[in-house]
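What you see is a predicted model; the values in this text were computed from it and never measured.
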Amino acid sequence: MSGDLQWLLLRKNNSFTVKRVPEGPVFSKEPGNLTNIHSWKYSGLANEKTITVKDTESGVQLAYRKKGAAPTAVRSAYSTLSIRPRSGPRRAAGVAAKLAKRGYRPDLRSAVLARVSALVVAKREKRAVPPKKARGKKAKTA
C-alpha cells in the first residue's frame, strides 16, 4: 500500500493522535515521528523511510528502516546506531549528516539533530555548583 493511501486512512483517525485544544495544534505520539507533529512529512506510519530516536540506558539509539526491506520484515528491516551520552552534540551532527548524505530523508536532518541533541543534553551529568563568594561590604566584614 502506498504511503499516500496510508496517510489518507490514518489522517483523521488513529490511536496516536493527540488533540488537546479544539482549535489548537494536533500532535502525534506514533513511533518514528521525530517532532510529534501530526503531518504526513513526519509520520512514522505512512512513510517507508523513517528514523526513530530512542532514549536507552546506554545512550541514544537511532533506528532507521533499510532501503530494500520487505514490508513484512520487522527486526531485519531496521538498522541501529548508538550515541553515548558523553560523546556530545558533534557526534549527533555527524550521524545525522551521514544519513542525509546517503540520501536517506535529508529533510529530517534538522529534526533528528534536535531530538538527539536534546536527549544527549538531558542525559549529561550536572556539575556541582560552587558556593557563591561574598562581595562588597559582606566580604569586608567577614
Side-chain angles (χ1 to χ4, degrees), residues 1-139 142:
M1 191 178 334
S2 72
D4 294 328
L5 179 59
Q6 286 180 354
W7 177 248
L8 287 173
L9 296 171
L10 294 170
R11 180 175 55 162
K12 295 288 183 184
N13 301 314
N14 73 43
S15 61
F16 298 110
T17 305
V18 178
K19 297 177 183 176
R20 299 266 184 218
V21 182
E23 298 294 322
V26 179
F27 297 108
S28 178
K29 293 193 287 188
E30 63 193 33
N33 191 330
L34 295 171
T35 58
N36 294 337
I37 296 173
H38 185 66
S39 71
W40 183 78
K41 177 181 179 180
Y42 298 113
S43 176
L45 300 174
N47 289 309
E48 289 182 11
K49 294 181 178 181
T50 59
I51 302 172
T52 306
V53 179
K54 294 179 185 174
D55 187 21
T56 60
E57 291 189 18
S58 61
V60 179
Q61 188 177 34
L62 279 154
Y64 61 95
R65 192 162 176 83
K66 292 179 183 175
K67 190 173 183 181
T72 56
V74 179
R75 187 174 187 110
S76 62
Y78 287 94
S79 180
T80 59
L81 299 166
S82 295
I83 300 172
R84 293 188 314 253
R86 292 185 158 266
S87 60
R90 290 190 62 159
R91 169 81 170 128
V95 170
K98 181 178 165 185
L99 288 172
K101 283 179 186 174
R102 281 198 242 154
Y104 195 89
R105 298 287 305 268
D107 58 327
L108 294 181
R109 181 179 183 173
S110 61
V112 169
L113 187 59
R115 175 65 67 99
V116 170
S117 296
L119 289 173
V120 168
V121 168
K123 280 189 147 306
R124 189 174 294 152
E125 299 158 2
K126 296 183 180 178
R127 295 181 185 174
V129 179
K132 288 190 174 185
K133 295 180 181 178
R135 299 180 185 272
K137 290 182 182 178
K138 292 181 182 177

*Asks:* side-chain contact (heavy atoms from CB on, under 4.5 Å), that's the test. Do Y42 and L108 meet it? Break it down for me.
*Replies:* CA-CA 8 Å; Y42 298 113; L108 294 181; 3.7 Å; yes
*Asks:* Which heavy atom in W7 sits nearest to a heavy atom in S39, and how many Å separate them?
*Replies:* CH2-C, 3.5 Å
*Asks:* Considering residues at least two apart in sequence or located in another chain, which fulfil the side chain to side chain contact (heavy atoms under 4.5 Å, CB included) criterion with L99?
*Replies:*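 Partners of L99 under the side chain to side chain contact (heavy atoms under 4.5 Å, CB included) test: I51, Y64.
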*Asks:* For N33 and I37, indicate whether the former's side chain and the latter's backbone hold a donor-acceptor pair under 3.5 Å.
*Replies:* yes
*Asks:* Considering all heavy atoms of both residues, which atom of A134 and which atom of A139 are nearest to each other, and what is their separation?
*Replies:* O-CB, 3.2 Å
*Asks:* Can you name the residues that form a side chain to side chain contact (heavy atoms under 4.5 Å, CB included) with K49, not counting sequence neighbours?
*Replies:*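 Counting only residues at least two positions away or on another chain, K49 forms a side chain to side chain contact (heavy atoms under 4.5 Å, CB included) with Y104, R105.
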*Asks:* Under the side chain to side chain contact (heavy atoms under 4.5 Å, CB included) test, which residues partner S82, sequence neighbours left out?
*Replies:* Q61
*Asks:* Closest approach of G32 and T52, non-hydrogen atoms and distance?
*Replies:*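 Taking G32 first and T52 second, the nearest heavy atoms are CA-OG1, 3.6 Å.
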*Asks:* Quick one: which residue pairs count as a ring-ring contact (aromatic ring centres under 6.0 Å, His included) with a foot in residues 111-136, not counting sequence neighbours?
*Replies:*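 Residue pairs with at least one partner in residues 111-136: there are none.
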*Asks:* Tell me whether K66 at atom NZ has more than 12 heavy atoms from other residues, nucleotides or ligands lying less than 6.0 Å away.
*Replies:* yes
*Asks:* Can you establish whether the number of heavy atoms outside D107 located under 6.0 Å from its atom CG is more than 12?
*Replies:*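 More than 12 heavy atoms, drawn from other residues, nucleotides or ligands, come within 6.0 Å of this atom.
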*Asks:* Which pairs of donor and acceptor atoms, one on a side chain in residues 15-27, lie under 3.5 Å apart (sequence neighbours left out)?
*Replies:*
{"from": "T17", "atom 1": "OG1", "to": "N14", "atom 2": "OD1", "distance (Å)": "2.9"}

*Asks:* With a 3.5 Å distance limit and no angle check, can you tell me whether H38 reaches the backbone of R11 through a side-chain donor-acceptor pair?
*Replies:* yes
*Asks:* Please name all residues satisfying side chain to side chain contact (heavy atoms under 4.5 Å, CB included) with A118, sequence neighbours left out, ordered by chain then number.
*Replies:*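 Checked A118 against side chain to side chain contact (heavy atoms under 4.5 Å, CB included); zero matches.
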*Asks:* Which heavy atom of G44 sits nearest to which heavy atom of E30, and what is that distance?
*Replies:* N-OE2, 2.6 Å
*Asks:* Between N47 and W40, is there a side-chain heavy-atom distance shorter than 4.5 Å?
*Replies:*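 Heavy-atom side-chain distance check passes, below 4.5 Å.
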